[in-house]
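Notes follow once the structure below has been shown.
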Amino acid sequence: MIQGCLLEAGLSRGDLTQAEWRILKDLLPIKPESRGRGRRPEQNRAIINDILWRLRCGAPWRDVPPKYGSWNSIYRRFRRWSEAGV
């Protein structure tokens with residue numbers, strides 16, 4: 001039943017649920033004056049889903065599903081967040 005709900009909502013297995021995202025979104029550095037260029041803060045959920053997919057599967061960055069966006073953009077965000085201790 002739950003998996004059917006996730007599929008209906010367009011989520012993949014392992015993607016953040018709405019409840020998980022509500023908790024996590026306020027912990028991310030998304031202030032417009034400090035975010036620089038690139039993806040808008042509203043797209044952080046897709047970026048995190050991609051990072052989680054990559055870490056869960058152990059695949060190279062270039063092999064992440066294109067539904068999450070450009071692998072290079074996601075890798076750069078992951079690297080910046082890692083260096084900043086996010």
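What you see is a predicted model; the values in this text were computed from it and never measured.
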- Message: Measuring only between side-chain heavy atoms, which start at C-beta, is V86 closer than 4.5 Å to F78?
- Response: no
- Would you say the side chain of R45 lies within less than 4.5 Å of the side chain of Q18, judging by non-hydrogen atoms? yes
- Query: Hey, what do you get for OH (Y68) to CG (N49), rounding to the nearest 0.5 Å?
  - Reply: 5.0 Å
- Query: Within a strict 4.5 Å, meaning less than it, do heavy atoms of the I48 and W21 side chains meet?
  - Reply: yes
- Message: Could you check whether N44 and R77, counting side-chain N and O atoms only, form a donor-acceptor pair closer than 3.5 Å?
- Response: yes
- Task: Look at atom CZ of R62 and say whether more than 12 heavy atoms of other residues, nucleotides or ligands are closer to it than 6.0 Å.
- Result: no
- Message: Within this structure, what is the CG-NZ distance for the pair L16 and K25, rounded to the nearest 0.5 Å?
- Response: 12.0 Å
- Separation between OG of S82 and CD1 of I51, rounded to the nearest 0.5 Å: 7.5 Å
- Which atom pair, heavy atoms only, marks the closest approach of E20 to T17? OE1-N, 2.8 Å
- Message: Quick check on the hydrophobic clustering: are I23 and W81 connected, directly or via other members, by side-chain heavy-atom contacts under 4.5 Å?
- Response: no
- Message: Less than 4.5 Å apart, side chain to side chain, heavy atoms only: is that true for W53 and V64?
- Response: yes
- Query: Taking atom types as modelled and ignoring hydrogens, do the side chains of D50 and Y75 form a donor-acceptor contact shorter than 3.5 angstrom?
  - Reply: no
- What distance do W61 atom CH2 and I74 atom CD1 have between them, rounded to the nearest 0.5 Å? 7.5 Å
